[in-house]
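Please read the structure below before turning to the comments.
Everything quoted here is computed from the prediction, not taken from an experiment. All ligand and atom numbering here is 1-based and tracks the order in the structure.
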Amino acid sequence: MKVSEPASKRQKFANPFKPGAGHMPPYLAGRESEEKEFRRLLAQTTILENLVLTGLRGLGKTVLLERFKPTAIQEGWLWAGTDLSESMSISEESLATRLLTDLSVVTSSITHSIRNEPKFGLTDETQQITATLDFATLVGRYNGTPGLVADKLKSALEFVWSILQMHGKRGVIFAYDEAQNLSDHAAKDQFPLSLLLDIFQSIQRKNIPFMLVLTGLPTLFPKLVEARTFAERMFRVIFLDPLNEQETSEAVLRPIKNNNCPVHFSPESVQTIWGVTRGYPYFVQYVCREAYDVWVQNAEAGQSMSPIPVREIVAKLDSDFFAGRWARATDRQRELMSAVASLPNCESEFTVQELIESDANRALAKPFSSSHANQMLATLTEAGLIYKNRHGKYSFAVPLLGGFIRRQRAYLEGGFAQLE
Ligand SMILES: Nc1ncnc2c1ncn2[C@@H]1O[C@H](COP(=O)(O)OP(=O)(O)OP(=O)(O)O)[C@@H](O)[C@H]1O
Ligand SMILES: [Mg+2]
């Protein structure tokens with residue numbers, strides 16, 4: 001498109017698709033049952049269940065959390081929280097500061113009156129003055145309470161609720177994204193994750209409606225349970241799945257329709273996108289964005305609509321999304337993951353037994369024994385490439401990684417990107 005064209009025309013061709021971490025899609029497909037479940041949790045008067053929203057990379061956790069926010073606010077809740085990506089080495093004190101900071105952002109305009117006691121006998125009249133629930137007030141309450149971090153924090157939170165309930169608030173949601181980054185650090189005698197769980201369990205027992213909504217990778221929930229076994233009962237876990245075929249089709253077609261876009265995806269193109277992406281939301285946005293750009297360029301050049309250039313888009317996706325992750329693995333790790341990729345069930349879940357008995361493992365110059373495989377799977381889990389579920393079964397932690405690995409092999413053998 002030429003820059004000199006009128007803005008309206010440029011706008012008409014604007015690509016609506018948004019592949020990118022945390023970017024709200026032009027149309028958020030599916031997720032009705034998750035929204036319903038969230039509304040059920042919002043209806044609790046005593047908080048018995050908090051929420052863990054989990055799933056692989058790019059499944060739509062961040063945008064769904066963002067979507068929940070107005071729902072909660074409409075129901076009278078306050079919404080506090082942040083993204084914990086940077087919080088690897090958090091201490092108990094810094095967790096307390098985190099919670100009070102996030103809370104004060106939403107309470108700082110709420111007022112309460114305090115009695116100002118006379119000083120030095122200058123006057124014997126006590127005065128009522130108005131103060132706000134800002135950060136200084138919350139920290140004042142925290143510091144003014146003797147005891148451990150947990151005692152101080154509970155006191156500050158209980159104080160905030162005593163005021164909020166007078167203002168008719170329904171409760172407060174504490175929403176933390178990338179919460180798998182929270183950890184206890186026994187060596188440093190710092191247990192911020194356990195502290196978080198203890199605090200919420202304790203205040204919820206006192207009927208204070210402060211609810212935790214944590215999102216993160218599938219390592220999150222096992223981590224919570226490892227820190228405190230009661231976490232098992234404290235959370236409703238929602239595991240996000242890829243979109244189904246119908247939802248994928250809506251994710252593709254609705255943005256075009258709603259924006260009156262000049263290009264259209266034919267039923268065959270929608271079918272192709274489903275075949276390539278298998279409903280993984282990030283991939284849906286990615287492939288649609290690329291296809292849309294190609295069509296707009298073709299239209300400008302006066303060419304007719306062509307089928308989606310699947311091979312080229314997949315090759316671009318391979319280098320944009322997968323290649324960096326693959327490059328960080330060692331040769332031996334790649335051998336192991338290639339053997340995994342040869343398993344028919346590699347995109348769902350597999351066992352170590354299946355892996356070591358596979359033809360691909362047996363064909364290696366040095367086949368993996370089960371103890372070697374176990375060790376390496378643990379390292380790959382740490383690196384975020386493999387995920388071990390609660391039943392001890394494994395899967396790739398990156399969606400559709402198996403297909404990428406098989407394509408790599410095809411490239412090496414002199415072929416080109418083949419779709420499966
Ligand atoms: N329901 C949906 N319909 C259409 N597109 C979606 C949907 N959910 C997410 N997306 C798109 O998928 C991409 C990834 O979403 P998001 O960043 O929320 O995933 P995530 O699970 O938080 O990923 P990560 O684990 O990397 O943080 C974004 O481009 C977003 O627009
Ligand atoms: Mg995210």
Notebook entry, point to check: Can any side-chain N or O of Ser249 pair as donor or acceptor with the backbone N or O of Glu245 at less than 3.5 Å?
Noted result: no
Check: Do side-chain atoms of Asp184 reach the backbone of Ser194 as a donor and acceptor pair under 3.5 angstrom?
Finding: yes
Check: Are Glu178 and Arg57 within salt-bridge range, i.e. N to O under 4.0 Å?
Finding: yes
Check: Counting both backbone and side chain atoms, is some N or O of Gly60 under 3.5 Å from an N or O of ligand 1?
Finding: yes
Checklist line | Atoms of ligand 1, numbered as shown, that sit under 4.0 Å from any heavy atom of Lys18 | finding: 28 (C), 29 (O), 31 (O)
Item checked: Per-atom contacts, ligand 1 versus Glu178 - under 4.0 Å to a heavy atom -> 27 (O)
Margin query: Let's go through Phe322 and Phe283 carefully: what are the C-alpha distance in whole Å and the side-chain angles of both, what is the deciding distance for ring-ring contact (aromatic ring centres under 6.0 Å, His included) to 0.1 Å, and is it a yes or a no?
Written below: CA-CA 12 Å; Phe322 293 108; Phe283 299 140; 5.8 Å; yes
Item checked: Neighbour count above 12 (heavy atom, 6.0 Å) for Glu312 CD -> yes
Notebook entry, point to check: Does atom CG of Asp359 have more than 12 heavy-atom neighbours from other groups under 6.0 Å away?
Noted result: no
Notebook entry, point to check: Among protein heavy atoms, which sits nearest to atom 7 (C) of ligand 1, and what does the distance come to when rounded to 0.1 Å?
Noted result: Pro281 CB, 3.7 Å
Item checked: Element-labelled atoms of ligand 1 that are located less than 4.0 Å from some non-hydrogen atom of Ala21 -> 17 (O)
Margin query: Does this structure show an ion pair linking Glu35 with Arg67, if we count only N-O contacts that are shorter than 4.0 Å?
Written below: no
Next item on the list: Could you tell me whether Arg57 approaches ligand 1 through its side chain, its backbone, both or neither, with non-hydrogen atoms closer than 4.0 Å?
Entry: both
Margin query: Check contact between Val284 and ligand 1, using heavy atoms of the residue and a distance below 4.0 angstrom.
Written below: no
Next item on the list: Show which atoms of ligand 1 fall inside a sub-4.0 Å distance from at least one heavy-atom site of Val63.
Entry: 8 (N), 9 (C), 18 (O)
Next item on the list: Could you establish whether Gly30 and ligand 1 come within less than 4.0 Å of each other, counting only heavy atoms on the residue side?
Entry: no
Item checked: Ring-face cation of Arg328 near Trp326 (centre distance under 6.0 Å, axis angle within 45°) -> no
Check: Are any side-chain N or O atoms of Asn374 and backbone N or O atoms of Ser370, one a donor and one an acceptor, separated by less than 3.5 Å?
Finding: yes
Check: Which residue and non-hydrogen atom of the protein lie closest to atom 22 (O) of ligand 1, and at what distance in Å?
Finding: Thr62 OG1, 2.8 Å
Checklist line | NZ/NE/NH1/NH2 to OD/OE distance under 4.0 Å, Glu335 and Lys366 | finding: no
Check: Measuring from the heavy atoms of Tyr27, does anything fall under 4.0 Å of ligand 1?
Finding: yes
Item checked: For atom 11 (C) of ligand 1, the protein heavy atom that lies nearest, with its residue and separation -> Gln285 CG, 3.6 Å
Notebook entry, point to check: Is the Phe210 ring parallel, tilted or perpendicular to the Phe174 ring (thresholds 30°, 60°)?
Noted result: tilted
Check: Any N/O of Ala29 closer than 3.5 Å to an N/O of ligand 1?
Finding: yes
Notebook entry, point to check: Quick one: which ligand 1 atoms are inside 4.0 Å of a heavy atom on Lys61?
Noted result: 18 (O), 19 (O), 20 (P), 21 (O), 22 (O), 23 (O), 24 (P), 25 (O)
Checklist line | NZ or CZ of Arg332 within 45° of Phe368 ring axis and under 6.0 Å | finding: yes
Check: If only atom types and distance count, is the side chain of Lys61 paired as donor or acceptor with the main-chain N or O of Leu56 below 3.5 Å?
Finding: yes
Next item on the list: Determine yes or no for a side-chain-to-main-chain donor-acceptor pair under 3.5 angstrom, with Arg406 supplying the side chain and Ser342 the backbone.
Entry: no
Check: Quick one: does Gly22 get a heavy atom under 4.0 Å from ligand 1?
Finding: yes
Item checked: Test of proximity, Gly20 against ligand 1: N or O pairs below 3.5 Å -> yes
Check: For ligand 1, which atoms, with element, lie under 4.0 Å from some heavy atom of Pro19?
Finding: 29 (O)
Check: Closer than 2.8 Å to the Mg ion (ligand 2), how many protein N/O/S atoms do you count?
Finding: 1
Check: To the nearest 0.1 Å, how far is atom 31 (O) of ligand 1 from its closest protein heavy atom, and which atom is that?
Finding: His23 O, 2.5 Å
Checklist line | Qualifying ring-ring contact (aromatic ring centres under 6.0 Å, His included) pairs, either residue in residues 214-261, two or more places apart | finding: none
Next item on the list: Among all protein heavy atoms, pick the one closest to atom 23 (O) of ligand 1 and tell me residue, atom and distance.
Entry: Gly58 N, 2.9 Å
Next item on the list: Using the six-membered ring of Phe321, assess whether NZ or CZ of Arg325 lies under 6.0 Å from its centre and within 45 degrees of the ring axis.
Entry: yes
Check: Would you say Leu59 has any N or O atom under 3.5 Å from an N or O of ligand 1, going by distance alone?
Finding: yes
